[in-house]
Undergrad: 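Handing you a structure now.
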Amino acid sequence: MGRILPRDFYNRETEIVARELLGSVLECRTGNGIASGMIVETEAYIGEHDAACHAAAGRTNRTAPLYGPPGISYVYFIYGVHWCVNAVTREEGLPSAVLIRALQPLSGIRRMKDRRGEPTRDTNLTNGPGKLCEALGITGAMNGLALQRKPLVIREGPRITSDEIITTPRIGITRAVDWPLRYIIRDNEYVSRFSRARSQRAGIRPA
DNA sequence: TCGAAGATTGTCT
DNA sequence: GACAATCTTCGAG
């Protein structure tokens, strides 16, 4: 198993952290055991000047973790249906984070299937921010926690070279839609599917 | 206290 | 491709 990524890893420019999180391993330990997956898709949300970032509206109870120290989680509930998990970046007071959008399942796949209700294909287990939280059992109870200890840990994974990384505009947002802050591993079949249609509409060649 | 919006997903046409 | 499901958060009244 790789080493746990230290707090300093996150105390850098959000775009760099988002790229380097590709290939690392998100691990979640619940009462049911451990489930983990390799991160294959991320998005950067880079501060109050980023209209798509939750912190664009300023500091509120909800966005408080974004302003916290680097290397903690930011978990929020969206559309009354899904949880999404972020890793907070940069020093305290600078609200920015990396949204984890897709994983390639590594361990605890049986548990993931149980939580997700047996999807037809393994690629459908964690290929989206809401899906991966459901598969790993991540909820709001894990908001604002340090990512260096259980239940939520991110470990170093295989090194991903820059020519294996594709950059595209972010997905599913209504503001700052053109900012190229989404990072995916080229040719990985576990990236979220939404991307293809959206990318084509935006005139960007899909991976 | 109310209303609107939202970093999504699954289902139906 | 379109749309409903479902609920938390926040600002306005």
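Chain identifiers are assigned alphabetically (A, B, ...) following the order of the sequence lines, protein sequences preceding nucleic acid strands; residue numbering begins at 1 within each chain.
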Undergrad: Using modelled atom types only, decide if a donor and an acceptor are shared between the side chain of A:Thr30 and the backbone of A:Gly137 within a distance under 3.5 Å.
TA: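 Looks like no, no N/O pair under 3.5 Å.
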Undergrad: Taking A:Met1's backbone N and O only, do any of them form a donor-acceptor pair with A:Arg155's side chain (distance below 3.5 Å, no angle check)?
TA: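 Flag not set: sc A:Arg155 to bb A:Met1 has no pair under 3.5 Å.
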Undergrad: To the nearest angstrom, how far is A:His82 atom NE2 from C:dA4 atom C1'?
TA: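 Value for this atom pair: 12 Å.
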Undergrad: Could you run down the sub-3.5 Å N/O contacts of the protein with nucleotides 7-9 of chain C?
TA:
from: C:dC7; atom 1: O2; to: A:Gly80; atom 2: N; distance (Å): 3.4

Undergrad: Counting Watson-Crick and G-U wobble pairs whose two distances are both under 3.5 Å, find the runs of 3 or more in a row that involve DNA chain C.
TA: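 Only these stems qualify: B:1-6 with C:7-12, B:8-12 with C:1-5.
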Undergrad: Could you state the CD1-P distance from A:Ile173 to B:dA7, rounded to the nearest angstrom?
TA: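 The distance from CD1 of A:Ile173 to P of B:dA7 comes to 8 Å, rounded to the nearest Å.
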Undergrad: Ignoring hydrogens and geometry, is there a side-chain-to-backbone donor-acceptor pair from A:Asn11 to A:Pro70 under 3.5 Å?
TA: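 Not confirmed, A:Asn11 side chain does not pair with A:Pro70 backbone.
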Undergrad: Could you go through A:Tyr45 and A:Arg170, starting from their C-alpha distance and side-chain angles, then the distance that decides it, and tell me whether this counts as side chain to side chain contact (heavy atoms under 4.5 Å, CB included)?
TA: CA-CA 9 Å; A:Tyr45 289 85; A:Arg170 292 173 294 187; 3.2 Å; yes
Undergrad: Just to confirm, is there a sub-4.0 Å distance from OP1 or OP2 of B:dA7 to any side-chain nitrogen or oxygen of A:Arg182?
TA: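 Answer no for this pair, as no side-chain N or O of A:Arg182 is under 4.0 Å from OP1 or OP2.
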Undergrad: Is A:Arg186 salt-bridged to A:Asp163, cutoff N-O under 4.0 Å?
TA: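 A:Asp163 and A:Arg186: not salt-bridged.
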Undergrad: So what does A:Arg59 touch, heavy atoms closer than 4.0 Å: a base, only the sugar-phosphate, or nothing?
TA: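 No contact.
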Undergrad: Check the side chains of A:Glu20 and A:Tyr183 for a donor-acceptor pair under 3.5 angstrom, ignoring hydrogens and angles.
TA: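 Checked: A:Tyr183/A:Glu20 side chains show no N/O donor-acceptor pair below 3.5 Å.
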Undergrad: Can you tell me how far P of B:dA7 sits from OH of A:Tyr183, to the nearest Å?
TA: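 In whole Å, B:dA7 P and A:Tyr183 OH are 19 Å from each other.
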Undergrad: Using modelled atom types and a 3.5 Å cut-off, is there a donor and acceptor pairing between side-chain atoms of A:Arg29 and backbone atoms of A:Arg149?
TA: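 Not a single qualifying donor-acceptor pair exists.
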Undergrad: Answer yes or no: is there a donor N or O on one side and an acceptor on the other, between the side chain of A:Arg7 and the main chain of A:Ala146, under 3.5 Å?
TA: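 No.
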Undergrad: Does A:Glu156 come within less than 4.0 Å of A:Arg3, counting only side-chain N to carboxylate O?
TA: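 Looking at A:Arg3 together with A:Glu156, the answer is yes, because their closest N to O distance falls below 4.0 Å.
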Undergrad: For A:Tyr67 and A:Arg59, indicate whether the former's side chain and the latter's backbone hold a donor-acceptor pair under 3.5 Å.
TA: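 Checked: pair present.
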Undergrad: Report the residue (A:Gly128 or A:Arg175) whose heavy-atom-nearest nucleotide on DNA chain B is the more 5′ of the two.
TA: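 Upstream on the strand: A:Arg175.
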Undergrad: A:Tyr74 OH to B:dG6 C1': how many Å, rounded?
TA: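 Atom-to-atom, A:Tyr74 to B:dG6, this comes out as 11 Å.
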Undergrad: Show the nearest heavy-atom pair for residues A:Val191 and A:Val40, with the distance to one decimal.
TA: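 Taking every non-hydrogen atom into account, CG1-O, 3.8 Å.
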Undergrad: Do the side-chain N or O atoms of A:Thr174 get closer than 4.0 angstrom to the phosphate oxygens (OP1, OP2) of B:dG6?
TA: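 So the side-chain polar atoms of A:Thr174 do come within 4.0 Å of the phosphate oxygens OP1 or OP2 of B:dG6, strictly under.
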Undergrad: Give a yes or no answer on whether the side chain of A:Asn127 reaches the backbone of A:Ala102 with a donor-acceptor pair at less than 3.5 Å.
TA: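 The answer is no, because no donor-acceptor pair under 3.5 Å joins these two groups.
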Undergrad: Starting at CD of A:Glu134 and ending at P of B:dG10, how long is that distance when rounded to a whole Å?
TA: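 Interatomic distance, CD of A:Glu134 to P of B:dG10: 8 Å.
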Undergrad: Starting from P on B:dT8, measure out to CD1 on A:Ile138 and report it in whole angstrom.
TA: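 Answer to the nearest Å: 16 Å.
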Undergrad: Using a cutoff of under 3.5 Å, can you pull out all pairs of nitrogen or oxygen atoms linking the protein to nucleotides 11-13 of chain B, with atom names and distances?
TA:
none

Undergrad: Between atom CH2 in A:Trp179 and atom P in B:dA7, what is the gap in whole Å?
TA: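 Whole-Å distance recorded here is 14 Å.
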Undergrad: How far, in whole Å, is C:dA4 from B:dA4 if one measures between their P atoms?
TA: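 Nearest-Å result for B:dA4 against C:dA4 at atom P: 16 Å.
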Undergrad: Would you kindly give the NE2-to-C1' distance between A:His54 and B:dA5, to the nearest whole Å?
TA: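 In whole Å, B:dA5 C1' and A:His54 NE2 are 10 Å from each other.
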